[in-house]
Amino acid sequence: MEPSKLTLLLGLLAFLTFLASFSAAEDHFHEFFVEARPVKRLCRTHSRITVNGQFPGPTLEVRNGDSVAVKVTNREKYNVTIHWHGRKQQNNPWEEGPEYVTQCPIQPGATYTYRFTITDQEGTLWWHAHSRWLRASVYGALIIYPRLGSPYPFPMPQREVPLLLGEWFDRNPQDVMRLAAFTGGAPNVSDAYTINGQPGDLYRCSKKETIRIPVVSGESLLLRVINSALNQELFFTVANHQLTVVGADASYTEPLTTRVIMIGPGQTTDVLLTADQRPARYYMAARAYQTAQNVPFDNTTTTAILEYKNAASSNQGLAPVFPTLPAYNDTATATAYTAQIKSPSQVKVPTQIDENLFFTVGLGPYNCTVPNSPWYQGPNNTRFAASMNNVSFALPSTNSSMQAAYYGVLGVFTTDFPPVPLVQFNYTGNVPRGLWSPCRGTKLYKLKYGANVQIVFQDTSTVTIDDHPMHFHGCHSYVIGSGFGNYNPSTDPARFNLIDPPQRNTIGTPPGGWVAIRFKADNPGVWLMHCHLDSHLFLGLAMACLVENGIGPLQTVIPPPPDLPRC
Ligand code: C2O
């Protein structure tokens, strides 16, 4: 072939590849319409914000390596954003979702398309609204299968069932939040828990819609359990059946056989179950694990039915077998279970620590000088607040912190979040009143790219001790240790598991205790870290890290997409 023709051919080829890169759109394209729909629960029809009219919302099923685009259209009167909980958006905080942290919200009538690629992750995650309390009804499963041809590291189950545990409020959850924000008191508790949106047999007017999971004798199931409840840790069990935990927060775990799991809001747990019992009907059930003291909580139980096919007709009249669930305050069971979760083999935990951080987490009312004001219905006429290192996190309203950081807009946040509490005290003892009152602020903590970080989250006993499910955006973290009482920096590190700790995106502080994590700050951007109880998040139980760019494009935040919403 003549050289000129060859050049032409090569040029044409390059042009075609260039064109293909445009038409080779994402592997998955979804449209999310955020809109109110009538939802009938507990004998009444309520209007709820949904995605595509579904409650829970649609399940996204992808493979490791796939690219995803989700076009979100806001047909509602509230601002909204969607968060891909547990997805590591490498160098790409723009697609993370928390409103006023990494993006301005999608305003009523507006549209935004989230685009991201799944890399190095398999298992169960979920997506949810990250705007006030909208996630009460705006959530769904995000399931990541292995690449085509690569197997699970456990026997292939015959069937897979996502189980989204949720919370139902008869009142509009937005109003519940607004009322609490107005009075300064504790928000109302939910009226029911749900499994895949249904409360189950133990609630009024719910029996007909109870979720049924048909199973054939001998079959094995992979249950992908997601705690999407707004404000409650839950125990979950299946009558007469053993559960084998094989994954948590989209990381595989050392197989662990148990009767019951405890799962905090934000966490996911993959469990294998074999239908090896007498053909019959068995309840799956979830109820509260409640650690805050002297506060009301929803003490009801949600159920679904595991129904052996061969038993469905013959046992129709018989009540399903009911499981034993731990008592709501069974911290011993919850802690023992959580502590047993490990990585399947040795992992690379950072050992040379560059940033040794210690964050107190807890409630702490603002003081009040106006007696009997409706604004101060917290304990002893105060207003409830929550904080980390006594800073109650305030979301900016004029911009997102990430957009402000990228464009150099001043006045949106400061970077003086304290690495340790300014005042040290007996965190889990009888805390003096003077130490109860946090300050509000949008304070970030700066981390150098690549820094090895250790954070100890210390629960405090101000107002009450509690299990705070702490969720970290942006970085995968190893949970290396936990304990009760005050963390002791000279003796506790000796007990850290630096061999095979689990990798998680959400981990609870034991009530009146501490939990330690380690991660490498290798994802530049602004990343929120917060309690996944929305009743605490809206009170300020959050902070954010600003991970600086490193060297070169691979260590630098990519430019924001042109359609990223502006405030
Ligand atoms: Cu699942 Cu910041 O949240």
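We count ligands from 1, going down the list as the structure has it; atoms in each ligand are counted the same way.
H85 contributes ND1 as its N, O or S atom closest to atom 1 (Cu) of ligand 1. H530 contributes NE2 as its N, O or S atom closest to atom 2 (Cu) of ligand 1.
Because the distance cut-off is set at 2.8 Å, H532 qualifies as a neighbour of atom 1 (Cu) of ligand 1 through one of its N, O or S atoms. Contact annotation: H130 places no N, O or S atom under 2.8 Å from atom 1 (Cu) of ligand 1.
Proximity of the aromatic rings of F297 and Y328 is defined here by a centroid distance below 6.0 angstrom, and this criterion is met.
Residues E95 and R115 are not paired through a salt bridge, judged by the lack of any N-O separation under 4.0 Å between the basic side chain and the carboxylate.
With sequence neighbours left out, the side chain to side chain contact (heavy atoms under 4.5 Å, CB included) criterion links T111 to K71, T73.
Annotation: side-chain hydrogen bond (donor to acceptor under 3.5 Å, both in side chains) contacts involving residues 50-65, sequence neighbours excluded, comprise E61-Y145.
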